[in-house]
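Data first, discussion second: the structure below is written as structure tokens.
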Amino acid sequence: MAMTDLPLATGVLSIGDLAGNRRRRGRERRVRRFFVAAALTSLVISALIVGSLAVEAGRFVLSVDLSALWTTGWFPREGFFDVKTLITATLIVTAVAMLVAGPIGFATAVYLSEYAGARTRRLLKPVLETLAGVPSVVLGFFALTWISPHIVQWIEPAAPLSNLASAGLGVAILTIPLVASVSEDAMSSVPRSLREAASGLGARRMTTSLRVVVPAAVSGLVAAAILATSRAIGETMVVLIAGGADQAQFTASPFQPSLTMTAAMASLAGGSDAVVGQGNAYQSLFFVGLMLFLITFGLNVAANRIVRRVRQKY
Amino acid sequence: MAVARVLDAGMADRVKVSLTGARDGRGFLFRTLLQLALLLTVVILAALLVQVLTLGWETLATRLGDFLTAESRSRAHEAGVFQGLRGTLWIGVITTLVAFPLGVSAAVYLEEYAPRNRMTAFIELNIRNLAGVPSVVYGILAYTIFVTLLRPVTGGKTALSGALAVAVLVLPVVIITSAEAIRAVPDSLREAGFGVGATRWEVIRSHVLPYAAPGILTGTLLSLGRALGEAAPLILVGAVAGSVGYSGGLLDPGQLREQFTAMPIVIATWSTNARPGFDQITAAAIVVLLVVVLMANAAAIGLRNRFEKKR
Amino acid sequence: MTVDLDSAVVAKGAVAPPAPLPVLTANDLQVYYGDFQAVRNVHLAIPRNEIVAMIGPSGCGKSTVLRCFNRMNELIDGCRVTGHVCYHGVDLYDPRVDAVEVRRRIGMVFQKPNPFPKSVYENVVFGPRIAGVARAEFDGIVESSLRKAALWDEVKDRLKASALGLSGGQQQRLCIARAIASNPDVLLMDEPCSALDPIATGRIEDLMHELKADYTIVIVTHNMQQAARVSDRTAFFTVEVSSDSDRRTGVLVEYDDTEKIFSNPSDSRTENYVTGRFG
């Protein structure tokens, strides 16, 4: 169509002149439908996760002898499904991870947000990002071959090479970048004017950081901790490799090997007779999966709600 | 407001101290503590790299070619990572082909088309929460759907099932990072497009996507790095811990319909093998995986820094 | 639908002087954002080849009304329009009318210069390109649009250079050229000079006088001197704050020849505003 064909408005027009190009409108509708479908896919996936978990988990609970859920260990192929073994081990690993990653990640965030100059940040952020990009199998290997002999067995010489504490430290390294980046986001979204108000009153930088910035960003910091906890609970490979996944006996000691929820799923599925065995073993996978899903999803919902509130505040 | 209260309560006595001009001992200590925490992070990364490099060096230096082309064997000095590399390559390809278009499209819908209402907010929150679901849980989903239900399509416990599992796993991350990149496109650009009579799709294609491309690409590369390092969902989908029966070449797409293994699976399997020499080849395999994964990450970070500077 | 033009201009409190052939008429126009009414009862007729200025304090809805003229307001979530806006006798809000075609014919220039981050050339040809104009025409369109926007001599040697390298005033004239390239007959300008320095502003104002020969122009401005300098007619809007809630609704107070608005307005609110006693 030549430019001269684009009609110039003269006098009275009719509806037809403004109806637009039918081909373009058709394409617009098709494109829109495509994008709607893509977005719906994500909804379908979440529905499928919950659905597939819930159905099989329900079958498990209905068919299993409930006393088998409270014994002395997790041996699904023999019909022992001691939930407290898995939960205790998960709690130990998560606690160790958070005790280490919390303070380090948090301190890193304070330094990056309140102290570091532009150049230091430019150098240090890639370090954190690289650490965040290290695959978890690598940290599993590092925990087993370096953290366990050099740190854990140095603290507790009687500890076997595979133990929950090493796994927890490995998970801690994985979660430090997460804690640091979410906390730093929270602190840098504190308005400059608050910092200026504080230094205007003669506050030193430490006072400004701890008494002004941290309280103002506190909900973001809580969200960081919750997200990291959720991540630690869901971490699989570090625990499977360094936590002693073949030892499914109940223990409350961080220096003993045991099985977390995630490792229980992976070791059950990864066995040579993968996911076969006694009838209930297969369904137990879904039962643990559902527990894990509910716990982490709940934590994420809480954390995201807090993060959103923070965004609205500033 | 909380901050104002804090200023009222705690500031007065502190101000007195600082006016004396005395050295701020506690502030110095605080700063040092923060620096130590940061240093620790750097040291951990360094220790990890040194440990892996020293252990893996001999294998990489003496038999790199053999190591990359040999199959998994029970004797460490003969074993190689070829099958793992092949699996990881195809997982990367399929993940990119599935998660990238689907994720970017969903992000475009959420940012450009979806009305700002409760339903959209619910979908967005849902996606954000899905991003935090443990990868092992995605493994069960993949087992149920791809291995069992869609067996005729995927062939069961194949590289295709594994790749789809990983694709579904990174999908929420791709959506979130793409949506953020699209949100950063200034509205004035959209208005300019609409103002000269462009349709929504024309505005998106000609202006929104080109502007958001670096951000989208960065997010996608980071997710790809994550995808290549994932092991847990692959275990659930039935990745083979030992040697794979399938003998196709590296670029043979037949792998997709055959049983498979992947670099992270090889590493996980070897790392718990107590026989002599396995620590060394595990470390060597890690170096190979890290080179692949960190290259994707470095590309992503480099890309972002370049475009941040430009704007 | 076709609206009787006479009834459109014979509206309570805001009667335009007799105008031959209005290009745009607003009749009983109401704009809502959600349940909140942003603009009430606007009656306006924009005559061909004239410049109409819309002035008033912030929040008076003048930009909102401007955006109703090419349906840009639809891009804001929750925005709803009732009443009629007629363009050459066709109701723009008729369901059969395509907003995209409307915006092609009624161009818009925005407050902040917003060239695409592409070359000068690509900026100008974007409209014709999506409208399906043949490539062979592009060079001619670029030259004639840039000449009309008084930018050709400054950029003819760097058509392939990025538009972001131009000065603010040049960028705004490029945006005008970009609007012209789609061959509209109306240009809507939303405070086009508020981001520019006085010299660049002067150039745009001169340009508007030249463009008047070919286009009908509606300009929203904060600047009363600008309205007085460039426009043939002026519409004064103000804000009414509802007594029981704190809701602010824009209303059209007076619409008349610019000279009359600034020298002898018939409404005291207009007088207070133009003499600087309010707003």
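Residue numbers begin at 1 in each chain, while the letters A, B, ... track the order of the sequences.
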### Query
Among residues 222-232 of chain B, which ones touch chain A with a heavy-atom distance under 4.5 Å?
B:Gly229, B:Ala231, B:Ala232
### Side chain, backbone, both or neither of A:Leu48 within contact of chain B (heavy atoms, under 4.5 Å)
both
### Query
Taking only residues at least two apart or on different chains, which pairs with a member in residues 280-289 of chain B satisfy side chain to side chain donor-acceptor pair (under 3.5 Å)?
none
Listing, residues 127-138 of chain A side-chain donor-acceptor contacts under 3.5 Å, not counting sequence neighbours, or none:
from: A:Glu129; atom 1: OE1; to: B:Arg304; atom 2: NH2; distance (Å): 3.3
from: A:Glu129; atom 1: OE2; to: B:Arg304; atom 2: NH1; distance (Å): 3.1
from: A:Glu129; atom 1: OE2; to: B:Arg304; atom 2: NH2; distance (Å): 3.1
from: A:Thr130; atom 1: OG1; to: A:Pro126; atom 2: O; distance (Å): 2.6
from: A:Ser136; atom 1: OG; to: A:Glu235; atom 2: OE2; distance (Å): 3.4

### Message
Between B:Ala179 and chain A, with a heavy-atom cut-off of 4.5 Å, which part of the residue counts as in contact: side chain, backbone, both or neither?
### Response
neither
### Query
With only heavy atoms counted, which part of A:Ile295 is less than 4.5 Å from chain B, the side chain, the backbone, both or neither?
neither
#### Entry: Heavy-atom proximity to chain B below 4.5 Å, by part of A:Thr236
side chain
### Task
Select one option (side chain, backbone, both, neither) describing which atoms of B:Ala296 are under 4.5 Å from chain A's heavy atoms.
neither
### Query
What part of B:Ile235 lies closer than 4.5 angstrom to a heavy atom of chain A: side chain, backbone, both or neither?
both
### Task
Counting only heavy atoms closer than 4.5 Å, note whether B:Leu234 contacts chain A via side chain, backbone, both or neither.
neither
### Message
Looking at every non-hydrogen atom in both residues, tell me the closest pair between B:Ile140 and A:Phe286 and how far apart they are.
### Response
CG2-CE2, 3.0 Å
### Task
Identify the two heavy atoms, one from A:Ile241 and one from B:Thr272, that lie closest to each other, and give their separation to 0.1 Å.
O-CG2, 3.8 Å
### Summary
Between A:Glu28 and B:Tyr113 the two heavy atoms that sit nearest each other are OE2-OH, 4.1 Å
### Query
Which bit of B:Ile145 comes within less than 4.5 Å of chain A, counting heavy atoms only: side chain, backbone, both or neither?
side chain
### Message
Quick check on A:Ile104 against chain B: is it the side chain, the backbone, both or neither that has a heavy atom closer than 4.5 Å?
### Response
both
#### Entry: Residue list, side chain to side chain donor-acceptor pair (under 3.5 Å) with B:Asn129, at least two apart or on another chain
A:Asn304
### Message
Looking at every non-hydrogen atom in both residues, tell me the closest pair between A:Ala266 and B:Leu236 and how far apart they are.
### Response
CA-CD2, 4.1 Å
### Message
Looking only at heavy atoms and a cut-off of under 4.5 Å, which of B:Asn297, B:Leu294, B:Val136, B:Leu171 has the most pairs with chain A?
### Response
B:Val136
#### Entry: Contact summary for B:Gly197 and A:Arg24, nearest pair of heavy atoms
O-NH2, 2.9 Å
### Task
Pick whichever of B:Ile265, B:Thr199, B:Ile267 has the most heavy-atom pairs under 4.5 Å with chain A.
B:Thr199
### Query
With the threshold set at 4.0 Å, does a side-chain nitrogen-carboxylate oxygen contact exist between A:Arg32 and B:Glu112?
no
